[in-house]
Number of protein chains: 2
Amino acid sequence: MFIITVILSAAAMSGNMQDTDEIDRAILSILSREGRVPMKSLAGRIGLSRSTTTERVSRLERKGIIRGYRADIGQLDEGQIHAFLLLTLKRTPSIGVLDRLAGFSAVRKVSSVSGQLDLVVEVEVGSINALNELRNEVATLDNVEDLTTAIVLRRDIERS
Amino acid sequence: MFIITVILSAAAMSGNMQDTDEIDRAILSILSREGRVPMKSLAGRIGLSRSTTTERVSRLERKGIIRGYRADIGQLDEGQIHAFLLLTLKRTPSIGVLDRLAGFSAVRKVSSVSGQLDLVVEVEVGSINALNELRNEVATLDNVEDLTTAIVLRRDIERS
DNA sequence: CGCCGCAACCGGCATAATGCCGGATGCATG
DNA sequence: CATGCATCCGGCATTATGCCGGTTGCGGCG
């Protein structure tokens, strides 16, 4: 097999398409910080035309590399209580539950995990009452089989 | 101070402005899931005009309640495995365990929690083998009663 | 009690961004 | 050297945005 070297108009570097190349990473880097930036200015920053940039972004979306765009919600009213909700689902791919979870502003992070658990949900609320309400709402979501709540008493180690 | 009551054209209910009212919460709920939705369609969904909706969103941004917009990236840095180690201790508190955990460079975050669990440990390793070794080392630490490992398959939500 | 200011709302118009094409280019392949 | 393919660009009709003035309901004040 020959070495596939593509010199693109002296601007882009070599790249076999396939997955994410240098340009895609630049796009992801920008969009992960400025999710609402217009395609036109994104294009300008990475040095491609608007239509090409749009096409690349759509491809990243289709491929699932960009799963969506989220507004980054700050504290609604000074949340202090952190907790983990450990969820077991009845059926495991559950888009519905994720959508609902994303709707709670208290939800900070959701991870799909292997093992008996299915989701680790990190939440931040302003009061124990709010936590209880959230807990009840999450527990009664369709497809949620089991829910364990663990309130963070102390943050012992936090890096990076 | 008097109660500021705003009756909005028979559509919205009462609400004191000040912070976030019912409508703002609707906006946040939608934007937290669809960060790139056009203002026009956002407006349509919450039942206000485009300009009013835009003004509300800008206010949320100015107030810092919306911190920004992020593209939700799937796998960004490949090769890194994230996992939660859910620890139950024989006796709590246990300074010894925390010291030992801090000694592992793979340990990213440790939270003391209430409930049946005692510690939620977030780790980041380069391979499944590394995770297994780490798991074994942690499990055999003095004072560790039980250890559940949950590998993060996918990061579904991550804010801030 | 009428007037003013304010906050929240709406609609409209010029400008900017988007969606959707067709067409060019470079490269591997038969 | 013709064909297919991936990538890129530009242009035009459509849509969204930024910015403005105008309306409405209500508390404050003379």
Side-chain angles (χ1 to χ4, degrees), chain A residues 1-66 68-71 76, chain B residues 1-31 33-66 68-71:
Chain A
M1 185 56 78
F2 292 92
I3 300 169
I4 304 172
T5 307
V6 184
I7 307 292
L8 295 173
S9 63
M13 24 203 41
S14 75
N16 55 356
M17 71 103 197
Q18 180 110 312
D19 266 351
T20 61
D21 60 2
E22 199 61 44
I23 297 173
D24 283 333
R25 245 168 288 135
I27 290 175
L28 292 174
S29 166
I30 292 175
L31 283 181
S32 67
R33 276 171 288 114
E34 302 165 56
R36 269 189 89 98
V37 71
M39 286 300 123
K40 186 185 179 183
S41 74
L42 213 201
R45 288 211 249 165
I46 63 173
L48 287 180
S49 77
R50 183 182 64 83
S51 36
T52 303
T53 305
T54 302
E55 175 50 33
R56 273 185 181 264
V57 171
S58 320
R59 171 151 50 87
L60 290 169
E61 291 169 354
R62 280 197 307 273
K63 283 197 163 195
I65 295 175
I66 293 177
Y69 300 88
R70 307 277 132 75
L76 280 183
Chain B
M1 187 56 76
F2 292 91
I3 300 169
I4 303 171
T5 308
V6 184
I7 306 293
L8 300 171
S9 62
M13 25 202 42
S14 73
N16 56 354
M17 70 107 195
Q18 184 95 322
D19 268 350
T20 59
D21 61 1
E22 198 61 46
I23 297 174
D24 282 334
R25 246 166 288 136
I27 290 174
L28 292 174
S29 168
I30 292 174
L31 283 181
R33 276 170 286 119
E34 301 164 55
R36 271 188 88 97
V37 71
M39 287 301 123
K40 185 185 179 184
S41 75
L42 213 201
R45 287 211 249 166
I46 62 172
L48 288 180
S49 76
R50 182 181 63 82
S51 35
T52 303
T53 304
T54 302
E55 175 50 31
R56 275 188 180 261
V57 171
S58 327
R59 172 152 48 88
L60 291 170
E61 291 169 354
R62 279 197 308 273
K63 285 198 162 193
I65 295 175
I66 293 178
Y69 300 89
R70 307 277 131 75

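Chain letters run A, B, ... following the sequence lines, proteins first, then strands; residues in each count from 1. As the structure is a prediction and not an experimental result, all values here were calculated from the model.
In this structure, CZ in A:Arg56 is found 4.0 Å from CD1 in A:Ile23, a value given to the nearest 0.5 Å. Taken from OG in A:Ser32 to OH in A:Tyr69, the straight-line distance is 11.0 Å, to the nearest 0.5 Å. To the nearest 0.5 Å, the span separating CG on B:Leu31 from CG on B:Asp24 amounts to 10.5 Å. In this structure, OG1 on B:Thr53 lies 4.0 Å from CD1 on B:Ile46, to the nearest 0.5 angstrom.
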* To do: Could you please spell out the steps behind the salt bridge (charged side-chain N to carboxylate O under 4.0 Å, His left out) verdict for B:Arg36 and A:Glu61?
  => CA-CA 13 Å; B:Arg36 271 188 88 97; A:Glu61 291 169 354; 5.9 Å; no
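A sub-4.0 Å separation between OP1 or OP2 of C:dA7 and a side-chain N or O of B:Arg56 is absent. OP1 or OP2 of C:dT18 sits under 4.0 Å from a side-chain N or O of B:Arg36.
Look at CG on A:Leu42: it is 13 Å from C1' on C:dA17, rounded to the nearest Å. Between the CD1 atom of A:Ile46 and the P atom of D:dC8 there is a distance of 9 Å, given to the nearest Å. When the C1' atom of D:dA16 is taken as reference, atom NZ of A:Lys40 falls 14 Å away, rounded to whole Å. Rounded to an integer number of Å, the gap from CG of B:Asp21 to C1' of C:dA8 is 11 Å. Across the protein-nucleic acid pair, A:Arg59 atom CZ and C:dG19 atom C1' stand 18 Å apart, rounded to whole Å. If you take CG of B:Leu48 and P of C:dG11, they are 11 Å apart, rounded to a whole angstrom. Atom P of nucleotide C:dG23 and atom CD of A:Glu55 are separated by 18 Å, given to the nearest angstrom.
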Close N or O pairs between protein and nucleotides 10-14 of chain D (under 3.5 Å):
unit_1	atom_1	unit_2	atom_2	d
D:dG10	N7	A:Ser51	OG	3.1
D:dG10	O6	A:Ser51	OG	3.1
D:dG11	O6	A:Arg50	NH2	3.2

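Side-chain polar atoms of A:Ser29 and A:Arg25 form no donor-acceptor pair below 3.5 angstrom.
Residue B:Ile23 has its side chain nearest to C:dC9 when only C:dC9, D:dC9, D:dT17 are considered. Out of D:dA16, C:dT18, C:dC9, the shortest distance to the side chain of B:Pro38 is found at D:dA16.
Minimum interatomic distance between B:Arg33 and A:Arg70 (heavy atoms only, all atoms of both residues): O-NE, 3.3 Å.
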